[in-house]
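Before any comments, here is the structure.
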Amino acid sequence: DRDEGCDPDPQLIEIFQRVASRAPIAHTCMHRSLALQWMLARRKSHARFCIGVGEKPRLLPGHAWLEMRGEILNDAPELVRRYTPLVIRS
């Protein structure tokens with residue numbers, strides 16, 4: 001595992017989520033997670049990008065979110081629990 005760097009700024013995450021909810025263009029959970037990951041990395045916080053698949057067909061194709069030190073950064077834990085994370089090993 002790589003060093004996760006600095007703790008993420010909760011205020012930055014909150015502002016990002018408020019702005020994303022008002023964006024006039026279509027975006028998905030993957031777009032939001034990748035954009036926030038990039039913003040956090042610029043501030044030396046290295047969040048892990050996660051993709052999960054749902055157990056029920058209506059939950060597919062899946063969901064994306066960020067985690068750091070076991071904490072979900074940009075989503076509700078009760079929503080993320082509905083998905084099984086894909087694990088990539090090198």
Side-chain angles (χ1 to χ4, degrees):
D1 290 327
R2 77 172 186 205
D3 177 27
E4 293 178 327
C6 303
D7 286 337
D9 180 356
Q11 187 175 10
L12 172 71
I13 296 169
E14 181 182 329
I15 291 168
F16 178 88
Q17 290 176 322
R18 271 192 274 140
V19 171
S21 71
R22 293 178 176 89
I25 58 172
H27 50 83
T28 66
C29 54
M30 185 184 310
H31 295 134
R32 290 187 303 274
S33 294
L34 289 171
L36 180 56
Q37 184 185 42
W38 179 80
M39 290 180 71
L40 291 170
R42 288 182 50 95
R43 288 157 182 81
K44 309 290 189 232
S45 294
H46 304 291
R48 184 173 67 145
F49 177 73
C50 302
I51 295 177
V53 293
E55 293 182 17
K56 298 178 182 174
R58 66 179 162 260
L59 293 177
L60 293 175
H63 189 56
W65 66 92
L66 296 179
E67 289 184 3
M68 189 170 185
R69 297 184 182 98
E71 181 180 339
I72 299 165
L73 300 181
N74 65 329
D75 219 324
E78 54 275 2
L79 173 66
V80 171
R81 275 195 293 270
R82 295 168 46 191
Y83 297 89
T84 301
L86 298 175
V87 178
I88 300 172
R89 300 192 192 273
S90 51

Residues pairing under salt bridge (Lys or Arg N to Asp or Glu O under 4.0 Å) where one sits in residues 70-79, two or more places apart or in two chains, turn out to be none
Write out all pairs satisfying salt bridge (Lys or Arg N to Asp or Glu O under 4.0 Å) with one or both partners inside residues 19-28, taking only residues at least two apart or from two chains. none
According to side chain to side chain donor-acceptor pair (under 3.5 Å), who are the partners of Asp7, at least two apart in sequence or on a separate chain? Arg69
Using the test side-chain contact (heavy atoms from CB on, under 4.5 Å), find all partners of Pro77 that sit at least two apart in sequence or belong to another chain. Ile72, Arg81
Just so I know, are the side chains of Glu4 and Ser45 near enough to count as touching, which here means a heavy-atom distance under 4.5 Å? no
Can you tell me how far CE of Met68 sits from CG of Leu66, rounded to the nearest 0.5 angstrom? 10.0 Å
Pairs under 3.5 angstrom only: tabulate donor-acceptor contacts from the side chains of residues 12-20 to other protein residues two or more places apart or in another chain.
residue : atom : partner : partner atom : Å
Glu14   : OE2  : Arg18   : NH2          : 3.3
Gln17   : NE2  : Asn74   : O            : 3.2

Rounding to 0.5 Å, atoms OH (Tyr83) and CD1 (Ile51) come to a distance of 12.5 Å
Any heavy-atom pair between the side chains of Trp38 and Ser33 that's under 4.5 Å? no
Can you sort out the partners of Thr28 under side chain to side chain donor-acceptor pair (under 3.5 Å), two or more places apart, ordered by chain and number? His31
Nearest 0.5 Å, what's the NE2-SG distance between His63 and Cys50? 10.0 Å
Set of residues satisfying side-chain contact (heavy atoms from CB on, under 4.5 Å) with respect to Leu34, sequence neighbours excluded: Met30, Gln37, Phe49
Who passes side-chain contact (heavy atoms from CB on, under 4.5 Å) against Ala26, sequence neighbours left out? none
What distance do Leu40 atom CG and Asp9 atom CG have between them, rounded to the nearest 0.5 Å? 8.5 Å
